[in-house]
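This report refers to the structure that appears directly beneath it.
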There are 2 protein chains.
Amino acid sequence: MTYNPEIYNDQRPNVGVTIVPFIYDEQVIKTLVYKRPIDAEQFANTHALPNCFYDRKKFKTTDEAAKHALLVKTNISIPYMEQLHTFSGDHIDPNRINTINITYFALLRKSDILNISEKNFVSEWMDVDKLLKKDNFAFNHHEVLSLAWNRICSKAEYTPIATQLLDEKFTIVEFKALTELLMNTKLNNSRFRDRVEKSELLIPCSGEFENRKTRPAQLYTVNPHIKDFFYPRSMTKAT
Amino acid sequence: MTYNPEIYNDQRPNVGVTIVPFIYDEQVIKTLVYKRPIDAEQFANTHALPNCFYDRKKFKTTDEAAKHALLVKTNISIPYMEQLHTFSGDHIDPNRINTINITYFALLRKSDILNISEKNFVSEWMDVDKLLKKDNFAFNHHEVLSLAWNRICSKAEYTPIATQLLDEKFTIVEFKALTELLMNTKLNNSRFRDRVEKSELLIPCSGEFENRKTRPAQLYTVNPHIKDFFYPRSMTKAT
DNA sequence: GAAATAGTGTCTTTTAGACAATATCAC
DNA sequence: GTGATATTGTCTAAAAGACACTATTTC
């Protein structure tokens, strides 16, 4: 029963991490993809999401590896990150059939992104809508993007996750428009405001308004005391 | 850029899977744990959840490995299984700091469990309540159990997941009692029945009733046409 | 009939949904 | 004032919640 570190070596999978970063820019959601070199051994000239191998010498946890995969392609802090799913199977990497892919998504603020260009590769923030229609992704990155997109859209319905994509200060109108985009439906105005009020999720930045050429809108910021908030579900409790 | 399979070998983690199986038995939820041998190299004489290494030679996917980890300890089919989370970090296995744990939970029917005893180890279905209070689990299995328990309890509120723990035919009273157990609250009788009716989740087994010494209760079965059902959330859609 | 549990109905309160009305800015 | 958008209010419909009532069995 003594542990021999060599025993399992040839059975150990390649473990990689992939992260799907989202930003809200010009009324659409975008994600960061980079183009693989034309002379790449596999998936040449196709799009891929930020990813790297999980190397225990470099990273204590896969979360750290995922952050690294994103940070070398941006240079920003990550306000919100969540593990998505772990994929396994031969389809992930045809050249390395023993591969596991631990996936994450992240929500970033456009204003936090200072410089997304790097010398080593060409990366680009592209419309999620358009990317989902493409089928020539590297690895299993289409299913990863698709799952990430479904997750964030679902969560927009019962959590205030969309606020993570907005600037620090934002108006209710902006919050509503983004939620509508994610939910792919129009929402009732009064109800949306009532919900925000009752939940105490947002606190008004007193005296601060956004000025366009119309009536100024109150600016709000996320209430830091409220963590892991879920909007009330309609469930039937008894006294 | 040519791939050399040896390059990453000493960086590759041990990948293990853990599965938390639940049954509903005698009005409580139980999970299967086995006791590690007294002479085990590590975590001797402590409880552990069903687990095994992920060996690509044996399993094409980690899902298959998770099923295997459970099946060698039971000998049943697995009606419902879901991936939970992938853990990494030094705390999982002190003897193998480069370890990753891909975790699952499963929902079983007590009636499907024919023979849970095996010769190679002692396993036992124990109250989840009691297990959660113990702190001497092997590996990170306490956090795995805790996460699994939270997940199933949350899902009982907005999905009919609890039906997976009941026999094929069950009464609404049984379904309600189990949901109350998971949600840790009493539920409104009429509302619960209305919800079941409207959702068309259950179909009555016509003419079949459960007979106790009181008024017989209608038996229902899960509508096979309804997949991935979520109870309606209160969200504010506009026309 | 009594006891026990299954299932239904009724009333009140709360929330959702539609949409009108008012408010505040630039010009 | 007009135009544009923000914000509030009002009315109606639907759902939740509390709880009483009726139904069907065994004894």
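Numbered from 1 within each chain, the chains take letters A, B, ... in sequence-line order.
B:Lys134 pairs by the salt bridge (Lys or Arg N to Asp or Glu O under 4.0 Å) definition with nothing, not counting sequence neighbours. In this view, A:Phe22 satisfies the ring pair (Phe, Tyr, Trp, His ring centres under 6.0 Å) rule with no residue, not counting sequence neighbours. Under the salt bridge (Lys or Arg N to Asp or Glu O under 4.0 Å) criterion, B:Glu174 pairs with B:Arg212, sequence neighbours left out. With sequence neighbours excluded, the residues satisfying salt bridge (Lys or Arg N to Asp or Glu O under 4.0 Å) with B:Lys130 are B:Asp127. Every residue two or more places apart in sequence or in another chain was checked for a salt bridge (Lys or Arg N to Asp or Glu O under 4.0 Å) with B:Glu200, and none qualifies.
In this structure, B:His141 and B:Phe139 have tilted ring planes: the angle between them lies in the 30° to 60° band.
We find that NZ of B:Lys176 is positioned 12 Å from C1' of C:dT5, with the value rounded to whole Å. One atom, CG of B:Leu187, and another, C1' of D:dA15, lie 16 Å apart when rounded to the nearest Å. Whole-Å rounding puts the B:Phe192 CZ to D:dG17 P distance at 14 Å. Following rounding to the nearest Å, A:Asp194 (CG) and C:dA16 (C1') show an atom-to-atom distance of 10 Å.
For A:Arg191 and C:dG17, the shortest distance from a side-chain N or O to OP1 or OP2 is not below 4.0 Å.
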In B/S/- notation, 5' to 3', how is nucleotides 7-14 of chain D contacted by protein heavy atoms closer than 4.0 Å? BBB-----
